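Structure record follows, encoded as C-alpha cells.
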Amino acid sequence: MTKKRVIFIEPLGNKANVFDNYMKLPLVGPLYLGTILYNNGYDVKILNENIIGKQLDPYDLKADIFCLTALTVSANRAKVLAGQLKKLYPESKVLFGGIHASLLPDEFINLVDHVIVGEAEDIIIDIIEGKYTQKVINGTKCKDLDKLPLINYSLLDGFETIDIVPVMTSRGCPFDCNFCTVTKIFGKQFRMQSPERILAEIENAARQSKYKEFFFYDDNFSANKKRINKLCDLMIEKKLDITWFAQVRTDLAKDPDLIKKMVNAGLRWVQIGFESINDETLKAYHKSQTRKDIEDAIEILHYYGVNIHGMFMFGDDNDNTENIRNTVDFAIENNIDTVQFMILTPFPGTKIYETLDSEGRIFHKNWDFYNAMFVVFHTKQINPAKLIHETFSAYKKFYSIKRTLLESVLLCINIISNAFSWNFKNSKKYGIDTLFIRIAAKIIIQKYKNLPEEYVKYIEKIEKDFYLSK
Ligand code: B12
Ligand code: SF4
C-alpha cells in the first residue's frame, strides 16, 4: 500500500511584517503534527512560505491531504491557497487548523473539508484517516506534553537554513491580558514539560541543527521557577554548548539567583512584553504588571548581563503623542537593548476585540493588516494616521544612526578594555549581537518606511468617511 502524502502549509501574510525577513521561524504545531504522522507511516512535508522565500505555486504541490495553518495575518493568504487547492485537486482533502481557524472556524467552513479548533496532537491520525464526518472538529488540549514525540525537524523544507532553533516546552498562561489570544486557544492552565524532557528536546534539536542558538517559544517560559531551576541545573551539568533566549515576564526579576543560574546555563536574551510605561494602560490591558516592575526587571537583568528585547504597544485609550515619545525616551534612558514598538491590534476572540467591536470602533476586518504594524480601529486620544506616524518616529529615534555609531564606539572600547583587562563600566552591555540587531533593525525600518505612508493615506480616508457619517 502506498503511503498517504500529507503536506502542511504555513502561508506568509500578504502585508510585509518586520519579522518576515528577520525571523524566518516556523510554528511548532505543524512540526509536532507532522512528526506524529511521519512516525505512523505517512509521507509528510512541511512548507513554510516565509522560509522558502516565495509564495507556493499550487501546481507544484501534490498530496492526498493538505493541512493549512494560519495566524490572523496570514488567514487571507490561506484562503486563497485553500480555494486553489480544492479546485486543482478535488480528490484531495484540505484541512485548516491553527490560531485563526480556532478563533473564527466559520470563516473557512465552505472552503475546506474540515476546520480544526485548538490543539490536534491527540486527534490528527483519526482526522487524516477520515474518522470525523463533521465540518468543524474540536481538538483536545494535550494533557501530558512529555508524551509528545521528539520533533523531526527535517520534515520542514529549508530547516537547515534557520539559524535559530525553535523549541516550545509549555502551553497555556495563567494571566489574562485582554489583547492576547494565547489563553483563548491554549487555556489558562499552565501545562509544561518536565526539565528532563526539555533536555531531551534540546538534545534532539541540537542533533538536527548545525546552529547553537535556541529560542524557547513558551509564552511565559519562567512561569514555573522550580522547573526552570532544575532545567538549568541539568543544562549546566550536561555542559550543553548552546546559547538561548526566551519570552519571560517581569516577575522573573524577583528571583535574582534564578537569573544568575539561567545565565550560567546559556541565557543571553529575554523578550519581555512591557507593553506600556503607563500604569493606567497596564491596568487596562490586565497585564498584572506595573512600571516599577518594568524598571526593576531591566535593572536586575542587565546587572546579570542579560540582553533585553522590550516589546511595547501603542494605541490604548490612554495613549497620546506625549506618552509614545516618553516611551522611546524611557527605552533609551533605561538602556533597553532592542525594542519593538507595536500597534495595539484587536485580534478576533480577545476581550479588546469584543469591546472595540461593540463600540463600533473597528474600521476594517481585512486580516492582512492584523500584524501589529497597522491601526485597524478608531483610537481615542491620537488619530490612527498620527499613531502610525508616531510609532515609526519612535523606531527611528531608538534605532538612530547616531545611537548605533555611539554603540559601535563603546563596543570597540569594550573589546580593547577586555583585551587589557581594564574594568570598563557596564562592559557587558556593549555586545556585538546588540549592535548587529540594532543595525539590522535600522535597515528593516528604512525598508518599511514607505509601507505606512501608503497605509496612512488609506486610513486618513477611512477616518474622514467615519467622521462624516457621524
Ligand atoms: C513563535 C511565535 C512567533 C514567531 C514565529 C511565528 C510564525 N511562524 O508565524 C515570531 C517571533 C516570528 C512571531 C511573530 C509574530 N507573532 Co507570534 N507567536 C509565536 C508563539 C509564541 C508560538 C507559536 C507556536 O509555535 N505555538 C505552539 C504550537 C503548539 O501551536 P500551533 O502552531 O498553533 O499548533 C497547534 C494548534 O493550533 C493546531 N494546529 C495548528 N495548525 C494546524 C493545522 C491543522 C491542519 C490541524 C489539524 C491543526 C493545527 O495543532 C497544533 C498542535 O496542537 C505564539 C503564541 C502561541 N502560544 O502559540 C505567538 C502568536 C502566534 N504570535 C502572534 C502575533 C500577533 C505575532 C505577530 C503578528 C506580532 C508579534 N507578536 O510581534 C508576528 C507575526 C508573524 C507572522 N507570521 O506574520 C499571536 C497571533 C494572534 C493571531 N490571532 O494571529 C500569537 C498567538 C501570540 C499572542 N500573544 O496572541 N511569533
Ligand atoms: S500576553 Fe503573555 S502574560 Fe499576557 S496572557 Fe498573553 S501570554 Fe499570558
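One-based numbering, in listed order, for ligands and for the atoms of each. One is the number of the first residue; the rest follow in order along the sequence. Because the structure is predicted, anything quoted here is derived from the model rather than measured.
Each of the following atoms of ligand 1 lies closer than 4.0 Å to a heavy atom of Val73: 78 (O). Ligand 1 places these atoms under 4.0 Å from at least one heavy atom of Glu121: 52 (C), 53 (O). If you number the atoms of ligand 1 from 1 as listed, the ones under 4.0 Å from a heavy atom of Leu103 come out as 83 (N). Of all atoms in ligand 1, numbered sequentially from 1 with element shown, those under 4.0 Å from a heavy atom of Gln247 are 21 (C). Within the listing of ligand 1, atoms 70 (C), 72 (O) sit less than 4.0 angstrom from a heavy atom of Met342. Proximity to Ile116 (heavy-atom distance under 4.0 Å) selects the following atoms of ligand 1: 47 (C). Remark: ligand 1 atoms within the under-4.0 Å shell around heavy atoms of Cys67 are 45 (C). Proximity to Arg249 (heavy-atom distance under 4.0 Å) selects the following atoms of ligand 2: 3 (S). Numbered from 1 in the order shown, with element, the atoms of ligand 1 that lie under 4.0 Å from a heavy atom of Asn371 read 68 (C).
If you look at Phe347 and Phe179, their ring centroids are not closer than 6.0 Å. Taking the six-membered ring for Trp and the full ring otherwise, Phe215 and Trp244 have centroids separated by 6.0 Å or more. Aromatic ring centres of His364 and Phe369: separated by under 6.0 Å.
Atom 2 (Fe) of ligand 2 has its closest protein heavy atom at Lys287 NZ, 4.2 Å. For atom 7 (S) of ligand 2, the nearest non-hydrogen atom of the protein is Asp219 CB, 3.6 Å. In terms of protein heavy-atom proximity, atom 8 (Fe) of ligand 2 is closest to Cys173 SG, 2.3 Å. Nearest protein heavy-atom neighbour of atom 6 (Fe) of ligand 2: Cys180 SG, 2.4 Å.
Salt bridge Asp43/Lys4: absent, no basic N to carboxylate O contact under 4.0 Å. With respect to Asp279 and Lys283, no salt bridge is recorded, no charged nitrogen being found less than 4.0 Å from a carboxylate O. A salt bridge is defined here as a Lys NZ or Arg NE, NH1 or NH2 lying under 4.0 Å from an Asp or Glu carboxylate O, and Lys147 with Glu121 fails to meet this definition.
Taking only nitrogen or oxygen atoms, main chain and side chain alike, Cys180 does not reach within less than 3.5 Å of ligand 1. Checking only distances, Leu25 does come within under 3.5 Å of ligand 1, N or O to N or O. Considering backbone and side-chain N/O atoms, Glu119 never comes within less than 3.5 Å of an N/O atom of ligand 1. Here's the thing with Thr69: one of its N/O atoms is less than 3.5 angstrom from an N/O atom of ligand 1. At least one N/O-N/O distance between Thr72 and ligand 1 falls below 3.5 Å. For the pair Val28 and ligand 1, the shortest N or O to N or O distance falls below 3.5 Å. For ligand 1, the polar-atom distance check against Thr181 finds a nitrogen or oxygen pair separated by under 3.5 Å. At least one N or O atom of Glu10, backbone or side chain, sits closer than 3.5 Å to an N or O atom of ligand 1.
Using modelled atom types, one finds a donor on one side chain and an acceptor on the other under 3.5 Å when comparing Asp218 with Ser170. Side chains of Asp368 and Asn76: a donor-acceptor N/O pair is present below 3.5 angstrom, by distance only. Judged by distance alone, the side chains of Thr355 and Arg361 never bring a donor and an acceptor atom under 3.5 Å apart.
The backbone of Leu68, and not its side chain, has at least one atom closer than 4.0 Å to an atom of ligand 1 (non-hydrogen atoms only; backbone = N, CA, C, O). Only the side chain of Leu33 comes within 4.0 Å of ligand 1, counting heavy atoms alone; its backbone N, CA, C and O stay farther away. Heavy atoms of Cys177 found under 4.0 angstrom from ligand 2 belong to the backbone as well as the side chain. Of the heavy atoms in Leu71, both backbone and side-chain atoms come closer than 4.0 Å to ligand 1. Both the backbone and the side chain of Tyr217 come within contact range of ligand 1, each with a heavy atom under 4.0 Å. Proximity of Tyr370 to ligand 1, defined as any heavy-atom pair under 4.0 Å, is not found for any part of the residue. Using a 4.0 Å cut-off between heavy atoms, Pro26 contacts ligand 1 through its backbone alone, with no side-chain atom that close. With a 4.0 Å heavy-atom cut-off, ligand 1 is reached by the side chain of Arg171 but not by its N, CA, C or O.
Judged by the 6.0 Å and 45° rule, Arg325 forms no cation-pi pair with Phe341. Phe175 carries Arg249 over the face of its six-membered ring, with the cationic atom under 6.0 Å from the centre and within 45° of the normal.
Separation of atoms CD1 (Ile125) and CD1 (Ile36) is listed at 7.0 Å; rounding is to 0.5 Å. A distance of 9.0 Å separates NZ of Lys225 from CD1 of Ile259, quoted to the nearest 0.5 Å.
Checking Phe312, Phe314, Phe330 one by one against Phe274, the ring-ring contact (aromatic ring centres under 6.0 Å, His included) holds for a single residue, Phe312. Checked options His100, Glu107, Glu354; the residue passing with Pro348 is His100 (criterion: side chain to side chain contact (heavy atoms under 4.5 Å, CB included)).
Distances from atom 55 (C) of ligand 1 to the heavy atoms of Val115, Leu12, Asn220, Asp219 show the closest one on Asp219. Which of Pro30, Gly118, Ala120, Cys173 comes nearest to atom 36 (C) of ligand 1 through a heavy atom is settled by distance: it is Gly118. Summarising the contacts of atom 37 (O) of ligand 1 with Ala372, Gly98, Cys142, the nearest heavy atom is found in Gly98.
Below 30°, between 30° and 60°, or above 60°: for Phe221 and Phe216 the angle between ring planes is below 30°, a parallel geometry. Classification of the Phe159-Tyr153 ring pair by plane angle, with boundaries at 30° and 60°, yields parallel.
Close to ligand 1: Gln340, with a non-hydrogen atom less than 4.0 angstrom away. Using 4.0 Å as the threshold, Tyr32 has no heavy atom nearer than that to any atom of ligand 1. No heavy atom of Met311 sits closer than 4.0 Å to any atom of ligand 1.
Taking 4.5 Å as the limit, every side-chain heavy atom of Phe8 sits out of range of all side-chain heavy atoms of Leu68. Counting heavy atoms from C-beta on, the side chains of Phe392 and Lys397 never come closer than 4.5 Å.
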Worksheet item: Could you walk me through whether Lys386 and Glu390 pass the side chain to side chain contact (heavy atoms under 4.5 Å, CB included) check?
Response: CA-CA 6 Å; Lys386 179 92 176 127; Glu390 285 295 329; 3.0 Å; yes
